[in-house]
Amino acid sequence: MPKAKGKGRRQKYSYNLNRKRLYRSARRRAAPRIACSHIRHAWDPTKSVAQNLADMGLAEDPNKAVPIPKKQLLGMEAESDGLEQGKKIVRKPYVVNEMEYEASLPEKKSNTLSRDLIDYVRYMIQNHGENYKEMARDEKNYYQDTPKQIKRKINVYKNFYPEEYKDFIASLKPEKMDVQ
């Protein structure tokens, strides 16, 4: 197959473009990316990273902040004077307090099932009860799930919404009694 016209030609190099200056200015403009909002609000752009973290009472290097104690020989006592001299003044203690408070809050359950899956499971239970082989042969089984796959989906629904499942099963029982 022939090549497109003009693609085989060499590209011209621009000698007038100062690439070093462009690269330096791009690096200078880039600010550190901070994920935690508490740290972001307390950050002082005029200070270094180490100074900012020290002001907030956070460690720059976790290995230096909590060192692994070396095994001591029997009969020798550890000197505590060296550790107390290295303490720094925390100027922004509210950052650590806010982060600790946020960490102590219970985690919200954000997992949910799709509306389509919920409707599918309810339809199958409503029409076939516990007969998974019948469910697999149902015309609404678009994805051609096997009986085991359908059972697994129903169990997932039971685990995610146990109260809703109980109410749904309870509402089905009177209907089946009326039919007989």
Side-chain angles (χ1 to χ4, degrees), residues 1 3-4 7 22-23 25-66 68 90-180:
M1 196 166 183
K3 291 184 180 178
K7 287 291 176 187
L22 286 174
Y23 177 72
S25 63
R27 281 188 60 208
R28 199 178 307 129
R29 274 185 260 130
R33 291 187 178 200
I34 303 168
C36 181
S37 64
H38 307 298
I39 295 175
R40 192 180 306 122
H41 293 301
W43 195 266
D44 185 3
T46 60
K47 294 182 180 179
S48 70
V49 173
Q51 289 171 336
N52 270 308
L53 292 175
D55 285 350
M56 294 178 215
L58 300 173
E60 180 187 12
D61 185 4
N63 295 324
K64 291 178 183 174
V66 185
I68 299 172
V90 178
R91 294 193 173 104
K92 300 176 184 177
Y94 60 90
V95 175
V96 175
N97 296 338
E98 289 171 355
M99 289 172 67
E100 285 175 353
Y101 172 73
E102 197 173 290
S104 69
L105 294 174
E107 191 175 327
K108 294 179 183 176
K109 203 173 188 181
S110 62
N111 334 8
T112 57
L113 297 177
S114 68
R115 191 73 232 163
D116 294 336
L117 182 65
I118 293 170
D119 293 340
Y120 173 76
V121 167
R122 291 178 133 224
Y123 168 82
M124 291 298 186
I125 294 171
Q126 192 172 11
N127 290 339
H128 305 291
E130 293 288 318
N131 192 347
Y132 300 110
K133 287 185 180 178
E134 241 181 75
M135 290 180 193
R137 281 188 249 116
D138 192 294
E139 63 183 21
K140 287 238 178 168
N141 184 7
Y142 301 126
Y143 297 110
Q144 297 182 351
D145 293 329
T146 63
K148 277 190 174 183
Q149 288 172 324
I150 295 171
K151 185 176 183 179
R152 211 174 295 128
K153 286 181 180 181
I154 291 172
N155 287 335
V156 167
Y157 176 69
K158 283 181 193 178
N159 293 337
F160 270 79
Y161 305 104
E163 292 148 14
E164 191 177 311
Y165 178 76
K166 288 176 188 172
D167 294 340
F168 178 65
I169 295 297
S171 69
L172 289 178
K173 289 184 180 177
E175 290 177 13
K176 292 193 176 185
M177 288 181 188
D178 294 338
V179 172
Q180 293 175 351

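The structure presented is a predicted model; accordingly, all values stated were derived computationally and were not measured.
Residues I169 and I125 meet the side-chain proximity criterion, which asks for heavy atoms closer than 4.5 Å.
A distance of 3.5 Å separates OH in Y120 from CG in N141, rounded to the nearest 0.5 Å. Interatomic distance, OG1 of T146 versus CE of M135, reported as 12.5 Å (0.5 Å rounding). Interatomic distance, L53 CG to D61 CG, rounded to the nearest 0.5 Å: 11.0 Å. Summarising the geometry, atom NZ belonging to K158 is positioned 11.0 Å from atom NZ belonging to K166; distances are rounded to the nearest 0.5 Å. With rounding to the nearest 0.5 angstrom, the CD atom of Q149 is 14.0 Å from the OH atom of Y132. The structure places CG of N52 at 10.5 Å from CD of E60, a figure rounded to the nearest 0.5 Å.
The side-chain hydrogen bond (donor to acceptor under 3.5 Å, both in side chains) check on R152 picks up nothing, with sequence neighbours excluded. Evaluation of the side-chain contact (heavy atoms from CB on, under 4.5 Å) rule for E164 yields I118, R122, Y157, Y161 as partners, not counting sequence neighbours. With sequence neighbours excluded, no residue forms a salt bridge (Lys or Arg N to Asp or Glu O under 4.0 Å) with D138. In terms of the side-chain contact (heavy atoms from CB on, under 4.5 Å) criterion, residue partners of Y101 (sequence neighbours excluded) are, by chain and number, S104, L105. For A42, the side-chain contact (heavy atoms from CB on, under 4.5 Å) partners are M56, K92, Y94, V95, not counting sequence neighbours.
Residue pairs satisfying the salt bridge (Lys or Arg N to Asp or Glu O under 4.0 Å) criterion with at least one member in residues 38-54, sequence neighbours excluded, are listed as follows: K47-D55.
Within 6.0 Å of atom NZ in K153, more than 12 heavy atoms from other residues, nucleotides or ligands are found, so the atom counts as buried in its surroundings.
Nearest heavy-atom pair across L117 and L113 is CD2-CD2, 4.0 Å.
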* Please test I39 against M99 for side chain to side chain contact (heavy atoms under 4.5 Å, CB included), starting from the C-alpha separation and ending with a verdict. => CA-CA 9 Å; I39 295 175; M99 289 172 67; 4.1 Å; yes

* To do: Could you give me the CA-CA distance, side-chain angles and deciding distance for I154 and E130, then say whether side chain to side chain contact (heavy atoms under 4.5 Å, CB included) is met?
  => CA-CA 10 Å; I154 291 172; E130 293 288 318; 5.8 Å; no

